[in-house]
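To start, the structure itself, in C-alpha cells.
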Amino acid sequence: MRAVQLLTGFLDSIVGELGFSKPAKAVIEPPKDKKFGDLAANYALVLAKDTGKNPRELAGLLAEKLRTASPEIASVEIAGPGFLNVTFAPAFRQAVIPLIENAGDNYGSSDLGAGKKLQVEFVSANPTGPLHIGHGRGAAIGDSLCRVMRFAGYNAEAEYYINDAGKQMRTLGLSIWLRALELTGKRSEPFPEDCYKGEYIIDIARELLAKDPGLTERPEAEGQDVCYEYGLKDIFDGIKKDLLDFGVHHDEWFSERSLVESGAVEQTLEDLKRSGRAFEQDGALWFRTTEHGDDKDRVLRKSDGTLTYFASDIAYHADKYRRGFDRVIDVWGADHHGYIPRMRAAVAALGKEQEAFDVVLVQLVNLLQGGEQIAMSTRAGKFETLADVLAEVGSDAARFIFLSRKSDSKLDFDLELVKQRTMDNPVYYVQYAHARIAAVGRRVNEQNGPTPAEADLSLLVAEEELDLLRLLDRFPQAARDAAHMASPHFISHYLMELAGLLHRAYAVLPVMGAENRALGAARLRLLNAVAQTLRNGLTLLGVSAPKSM
RNA sequence: GCGCAGUUAGCUCAGUUGGAUAGAGCGUUGGCCUCCGGAGCCAAAGGCCGCAGGUUCGAUUCCUGCACUGCGCGCCA
C-alpha cells in the first residue's frame, strides 16, 4: 500500500517530466512471482499504446529516472514486453513495523467510505422457524461486511427486516393451533401439507398449553391469534439468541407490520399512482417496472385487495432512504436473484442512483456429514439448525468457513471437516499463527529475552523477514478491496497467506535463539506486527484471535 | 422457452478495471522434532483455465455462439 502510493507518485511525476499525460489504465501491483521484485508497473506498455512508441524504449526512459528518484528504491528492472519491476530498499520495508505499532487496531483502516451513511440489511429470515445453516452464512457475511465497511470509513448500520405481516405468519398461527388441538385430543386428521411440520411447532404448542390450558376452548380465530403472537415471540427470541451466540449484531430490528400499520405502504402506493408509475388493470394495481428495465410489470395489490410483498418492500426501501442512508446493501439468498430487477426498478423509481442500492447474493450451503449430504427444508421439518451446527463446530470455525468463499458460490459445509483441527479447516491455521506469536512473547518475558527497545530493525534482511514485511504492507489494500467489492472473503485469503508466511518464518527465525539481542528484538517486533495484523483481519471476520489454543 | 449464476490440478476453491512461466489448501509421494507450541515446516508430482470463434502486441479475464450444472421466471411468500 505504502509502496504502491510511493511508486505511483514517482511514476506520475516522471511521466509528466517526459511530457506525456498520465496513462489512465496504468496499473501498479505486486507481481505473481516475487523474483520480479516488489511491485510491477505496466506504465510503459500503456504509454506505448497511447503514443505508438516502442514499449521497451519507453520503459528504459522511465527506469533511468526512477532509479535515481529516491534511496527507497533499490532497483528497477525492465522485463518482458516492458514491465518495470521495482524493488524497494530494506529500510523502506522495515518502516512498516512502527507504522503498525502506531496504528494498532486501526492498521489497515481507511476513509474510502468518507463517512457515508450505509445500511446493510441481512438475515431478515421470516420468524416461522429457527435459523438454519443457510441463514448462518448470510449472518456471517452481513456482519462481517458491516465490520469491513466501517473499517473502510463508512458509517454502517446493520438491520434485520422482520416479515411479521402476511400469509406466512397466519400459517404459523394455524400450525401451532392445529398442533395444540392434536395435543389435547381434539383433532386426529392428518396434519396439512402447507403448514409448518417441524418439531419446534409441537414444542411451542405444548409450552403454550402449559401456560394457557384453556387455549383450545377459545374460538378458532382468537385461538389462532394467541398461537401466532406466542409463536412469533418464541421463535424470534430464539433467532435473537442464535445470532447473539454467533457474535452477530444488528443495530435495528425493523418490523414489516409497523410499516403496514403506520400506513406507509398505502402512502407509497398513492405516491406511485400519482406519479403515474402504478396503474389499475384486471382489478389489480400494477407497478410499471418495465420502465426501469424489468422484463414485465409487477403486481402491488392483488384483485382480492391484499398487498404483495413487493408493495411493502418498496415502502420499506423508501423508508430506508428517508432515514438518510446514502447507500443500502441487501444480503439475500441467491434463490431471490430474480427479484433484483424489480427491486432495482423500484429504487430507480424512488429517484435513487444505481450506486445507492446493492444486493449481495448468498448461495446455498450444502450441509454434509462425512461427505454425505444432509437434507434441509423448513416445511418438511428436516433441517440442521444454526444452533445445532454452532454447538457442533463452534462459532469461529463456522464463521471462517462461511467467509472463506465468495458469497455467490455454493459452499460445502462438512460438519466432520469443520470440526477437525487440521488444515482442512484453515481457521486453526490462522489462529495458531496468532497463538504461536503470543507464546513467543510469553517465553521472552519468562526468560528475560530481548525487549522491543533493544531492536535494530535494519537487521531484518533475511528473505523470510522481507517477505513478511512486504505482505504486512499489503493489508490496507486487502481491507480496501474487501470494502470496495463488498467481499469479506478477501480478508480470509489474506490471513491465510500471512499465517502461511509466519509459520514458514517461525521455524528459521528464532527470537530467543537469535545471533544477538538486537536482531532477536527486531524479530519480536516483526512478530508482534504480524500478530496485530492477524488480529485486525480476524476482527473484520468476527473470529477470535486466541493467545493460546 | 426466457433470464441470472457457475464450469480453473484427483477434491474443495482463489484469481474484478486484459499482462510475464495460471495459484492455494486438501489428497498423493518423499523428507524435517537435543531447537520460542509438529494444530507446524520443506520438497516433488499433478493443468488444452468447459468447447469453438472474435477483439488485442498480449485473453482464465472482454465480446459472440455452443455444451453441461444450479437457481429463478405467479394477482406465491
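By convention in this document, chain letters (A, B, ...) are assigned in the order of the sequence lines, proteins followed by strands, and residues within each chain are numbered from 1. Quick note: numbers below take in every heavy atom, side chains included, and nothing from hydrogens, waters or symmetry partners.
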On the ring face of A:F279, is A:R288 found with NZ or CZ under 6.0 Å from the centre and within 45° of the axis?
yes

First encountered from the 5' end of RNA chain B, between A:S487 and A:S404
A:S404

Heavy atoms only, 4.0 Å cut-off, all strands: where does A:H493 land among base, sugar-phosphate and nothing?
sugar-phosphate

Considering every strand and a 4.0 Å limit on heavy-atom distances, what is the contact class for A:D295: base, sugar-phosphate, or nothing?
nothing

Base, sugar-phosphate, or nothing: which does A:V27 touch, judged by heavy atoms less than 4.0 Å apart?
base

For B:rU12, which nucleotide is its Watson-Crick or G-U wobble mate, given both distances must be under 3.5 Å?
B:rA24

Is there a side-chain polar atom (N or O) of A:K296 under 4.0 Å from OP1 or OP2 of B:rC75?
yes

Does B:rG70 have its OP1 or OP2 closer than 4.0 Å to a side-chain nitrogen or oxygen of A:H337?
no

Sort out the partner of B:rC71 for me: Watson-Crick or G-U wobble, both distances under 3.5 Å, none otherwise.
B:rG3

A:A499 or A:V440, whichever maps to the more 5' nucleotide of RNA chain B
A:V440

For a quick test of reading the model: is some side-chain N or O of A:K302 closer than 4.0 Å to OP1 or OP2 of B:rC76?
yes

My understanding is that a pair needs two contacts under 3.5 Å, Watson-Crick or G-U wobble. By that rule, which nucleotide pairs with B:rA45?
none

Watson-Crick/G-U partner (both atom distances under 3.5 Å) of B:rA59
none

What contact category does A:S409 fall into here, base, sugar-phosphate, or nothing, at under 4.0 angstrom with non-hydrogen atoms?
sugar-phosphate

Please answer whether B:rG19 and A:F83 are stacked, defined here as ring centres separated by less than 5.5 Å and planes angled under 30°.
no

Which label fits A:Y494 and A:F475: parallel for a plane angle under 30°, tilted from 30 to 60°, or perpendicular past 60°?
tilted

Would you call A:Y506 stacked on B:rG40, i.e. ring centres under 5.5 Å apart with the planes less than 30° off parallel?
no

Against the six-membered ring of A:Y228, is A:R170 placed for a cation-pi contact (under 6.0 Å from the centre, within 45° of the normal)?
no

For B:rC33, the Watson-Crick or wobble counterpart (both distances under 3.5 Å):
none

How is A:H484 classified with respect to the nucleic acid when contacts are heavy atoms under 4.0 Å: base, sugar-phosphate, or nothing?
nothing

